[in-house]
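All values below were derived from every heavy atom in this structure, side-chain atoms included, with hydrogens, water molecules and symmetry-related copies excluded. The chain is numbered in sequence order, starting from 1.
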Amino acid sequence: MTTETLNISEAQLVEYSQAHNEPAWMTELRKEALKLTETLEMPKPDKTKINRWDFDSFKQHETTGSVFQSLEELPNAVKEIIDVENSDNLIIQHNNTLAFSKVSESATKDGVVVEGLSEALVNHPELVKQYLMTETVALDEHRLTALHTALINGGVFVYVPKNVVVENPIQYVVLHDDANASLYNHVIIATEESAEVTYVENYLSTASGEGNQINIISEVNAGKNSTITYGSVDYLDKGFTGHIIRRGITAEDATINWALGLMNEGSQIIDNSTNLIGDRSESALKSVVVGTGDQKINLTSKIVQYGKDTNGYILKHGVMRENASTVFNGIGYIKHGGTRSIANQESRVLMLSENARGDANPILLIDEDDVEAGHAASVGRVDPEQLYYLMSRGISREEAERLVIHGFLDPVVRELPIEDVKRQLREVIELKVNK
């Protein structure tokens with residue numbers, strides 16, 4: 001596949017980079033990545049054929065959105081998912097435009113950086129360079145990581161210095177309402193020693209994204225003894241073909257916890273992984289998925305444990321309706337030297353129609369003796385006795401299915417550590433269930 005397929009040239013990338021005042025190293029990185037797209041192979045997700053998926057035919061590199069001067073000017077769709085009274089740390093991206101930015105005075109005083117990625121590349125170029133496609137995700141991992149790097153057109157940068165605890169969550173909202181806007185967002189969350197931050201992101205559509213792409217990479221880097229809590233609710237239109245990487249790396253005694261509501265309407269490949277490098281570090285990956293229509297969802301949740309006394313936990317529940325299908329791969333990998341580490345996982349898929357498909361694959365890879373590991377997985381159809389019992393109490397079949405879905409997903413939703421994510425996720429689940 002050549003760069004002509006991408007409908008963009010190196011000269012156009014250079015022009016884009018210079019127009020946004022990006023540092024020279026970023027311009028060169030884009031050029032290198034574009035060149036790599038000519039030779040790198042596509043990823044090969046397990047049991048999912050993506051040769052006919054459209055990852056290239058974006059309509060243009062950048063689509064302009066509105067800029068909002070105050071919270072009162074925000075569209076209602078955004079107001080509904082933020083706490084206007086307590087929105088101390090808020091970044092809003094409208095299509096590909098940084099539309100609103102607000103950071104608490106106390107966070108700024110402590111040296112916390114919360115900026116759109118385009119801003120951060122201008123204001124903190126060397127700091128961004130330290131984390132962008134260095135340790136967490138490799139530029140040449142496959143064709144889609146290179147494509148992402150060449151075409152980055154949005155995102156956010158969060159940096160928390162040593163010993164700083166950010167009191168209120170940082171929220172990043174991406175509003176899509178232009179059919180010409182593809183999203184190549186890059187998110188960086190980095191904490192120094194003994195820092196702490198909670199980050200919540202929301203992707204939502206109010207217009208069709210037919211024929212567009214979502215190619216997102218989030219890199220999360222937790223310094224020694226620091227804690228990062230990462231929550232997300234994704235709800236983009238079915239027109240988006242998606243490839244999403246959310247990946248973390250931990251130093252010793254660090255923690256990264258993920259709480260993900262994966263509710264996009266389009267077919268997607270999702271890689272949510274954490275590399276526990278430091279001793280005594282830990283991570284919990286918790287996610288819920290609802291698939292509808294003809295959606296195909298391939299979700300890999302992976303924790304690789306290098307350090308001693310590390311703790312990895314994977315929990316995910318999915319509901320497939322109509323003709324939707326999913327592949328759940330849960331991978332716990334304790335490397336040689338990771339003595340006394342613990343790896344546990346649970347994956348469950350509920351299918352609500354004859355044509356829905358689910359595949360849950362628990363995988364444990366153990367290269368060390370003195371460890372603890374376990375897994376549970378199930379794939380099945382809704383219990384007809386449950387539906388019969390509810391319907392015998394005067395509840396319609398549609399309402400009975402709705403109650404079953406909420407009951408199946410709620411054990412995971414309840415475990416999510418961020419209250420706003422729980423609330424938003426329950427509302428989105430309701431929307432998908434009632435379609």
Side-chain angles (χ1 to χ4, degrees), residues 43-50 53 216 218 230-235 241-248 257-274 283-305 312-333 343-365 373-383 404-416 425 428-429 432-433:
K44 296 180 174 59
D46 186 37
K47 301 179 182 179
T48 304
K49 296 179 180 180
I50 63 170
W53 292 26
I216 292 173
S218 293
Y230 188 117
S232 182
V233 178
D234 304 343
Y235 190 40
T241 299
H243 186 266
I244 302 170
I245 295 176
R246 292 184 172 108
R247 197 175 295 171
N257 288 326
W258 307 85
L260 307 178
L262 306 171
M263 299 289 146
N264 289 334
E265 297 281 357
S267 293
Q268 55 201 303
I269 305 164
I270 305 164
D271 169 1
N272 181 209
S273 307
T274 307
S283 182
L285 314 183
K286 299 176 183 177
S287 55
V288 295
V289 180
V290 177
T292 59
D294 296 319
Q295 252 186 306
K296 292 177 175 57
I297 303 167
N298 186 296
L299 170 60
T300 296
S301 301
K302 183 177 183 180
I303 300 179
V304 184
Q305 299 171 238
Y313 177 52
I314 297 170
L315 174 65
K316 51 188 177 181
H317 282 199
V319 173
M320 297 296 111
R321 305 178 67 204
E322 299 159 336
N323 300 312
S325 63
T326 186
V327 177
F328 271 10
N329 286 329
I331 303 172
Y333 191 177
N344 287 301
Q345 61 174 286
E346 176 187 327
S347 298
R348 304 195 184 278
V349 182
L350 180 66
M351 297 176 291
L352 290 178
S353 76
E354 290 296 322
N355 295 324
R357 294 289 182 268
D359 190 349
N361 305 305
I363 301 167
L364 291 174
L365 305 171
H375 63 75
S378 68
V379 176
R381 303 197 181 280
V382 64
D383 186 347
V404 168
I405 292 171
H406 279 285
F408 179 76
L409 296 178
D410 206 56
V412 182
V413 176
R414 282 201 311 267
E415 287 206 36
L416 302 184
L425 185 50
V428 172
I429 290 170
K432 291 204 75 169
V433 169

- Message: I'd like to know if the side chain of Arg348 pairs up with that of Ser378 as donor and acceptor (distance under 3.5 Å, no hydrogens or angles considered).
- Response: yes

- Item | Side-chain H-bond candidate by donor/acceptor type, Asn355 with Ser353, under 3.5 Å | no

- Heavy-atom pair of closest approach, residues Asn329 and Lys316: O-NZ, 2.8 Å

- Please name the pair of heavy atoms, one in Leu425 and one in Val233, separated by the smallest distance, quoted to 0.1 Å. N-CG2, 4.1 Å

- From Ile314 atom CD1 to Ser287 atom OG, the distance as rounded to the nearest 0.5 Å: 9.0 Å

- Message: Nearest 0.5 Å, please: how far is NZ in Lys296 from OG1 in Thr241?
- Response: 11.5 Å

- Student check: side-chain heavy atoms of Tyr313 and Ile303 closer than 4.5 Å: no

- Run the numbers on Leu352 and Ile405 for side chain to side chain contact (heavy atoms under 4.5 Å, CB included), then give the verdict. CA-CA 9 Å; Leu352 290 178; Ile405 292 171; 3.2 Å; yes

- Item | Pairwise distance CG(Leu365) to NZ(Lys302) - rounded to 0.5 angstrom | 8.0 Å

- Message: My understanding is that only residues two or more places apart in sequence, or in another chain, count here; which of them pass side chain to side chain donor-acceptor pair (under 3.5 Å) with Ser283?
- Response: Thr274

- Item | Pro45 vs Ile50 side-chain heavy atoms within contact, under 4.5 Å | yes

- Message: Gln345 vs Leu364, test: side chain to side chain contact (heavy atoms under 4.5 Å, CB included). Steps then yes/no.
- Response: CA-CA 9 Å; Gln345 61 174 286; Leu364 291 174; 3.8 Å; yes

- Find out whether Asp271 and His243 are in side-chain contact, i.e. whether some heavy atom of one side chain is under 4.5 Å from a heavy atom of the other. no

- If every non-hydrogen atom of Pro411 is compared with every non-hydrogen atom of Glu415, which pair is closest and at what distance? O-CG, 3.4 Å

- Task: State, yes or no, whether a side-chain contact exists between Trp258 and Ser301 at a heavy-atom distance under 4.5 Å.
- Result: no

- Least distance between heavy atoms, Lys432 atom then Tyr235 atom: CG-CE1, 3.8 Å

- Would you call Asp234 and Ile216 a side-chain contact if the rule is heavy atoms closer than 4.5 Å? no

- Message: Has Gln295 got a side-chain atom pairing as donor or acceptor with Asn264's backbone, closer than 3.5 angstrom?
- Response: yes

- Side-chain contact, heavy-atom cut-off 4.5 Å: Asp359 with Val379? no

- Locate the shortest heavy-atom distance separating Asn298 from Thr48; write the atom from each residue and the value. ND2-OG1, 2.8 Å

- Task: Check whether any side-chain heavy atom of Leu409 sits under 4.5 Å from a side-chain heavy atom of Val412, and report yes or no.
- Result: no

- Note on the structure: Heavy-atom nearest pair, Ile244 first then Gln268, reads CD1-OE1, 3.9 Å

- Message: Could you work out, with side chain to side chain donor-acceptor pair (under 3.5 Å) as the rule, every residue matching Asp294, not counting sequence neighbours?
- Response: Asn323

- Message: Tell me if a side-chain donor or acceptor on Asn344 pairs with a main-chain N or O of Gly374 at a distance below 3.5 Å.
- Response: yes

- Message: For the NE2 atom of His317 and the CG atom of Asp410, what is their distance to the nearest 0.5 Å?
- Response: 11.0 Å

- Task: Kindly compute the distance separating CD1 (Ile363) from OH (Tyr333), expressed to the nearest 0.5 Å.
- Result: 12.0 Å

- Item | Atom pair OG1/CD1 of Thr300 and Ile269 - distance to nearest 0.5 Å | 9.0 Å

- Task: Look only at the side chain of Asn272 and the backbone of Leu299, and say whether a donor-acceptor pair between them is shorter than 3.5 Å.
- Result: no

- Task: Please tell me if the side chains of Val289 and Met320 come closer than 4.5 Å, counting only heavy atoms from C-beta onward.
- Result: yes

- Task: Verify, without hydrogens or angle tests, whether Thr326 (side chain) and Ile297 (backbone) share a donor-acceptor contact under 3.5 angstrom.
- Result: yes

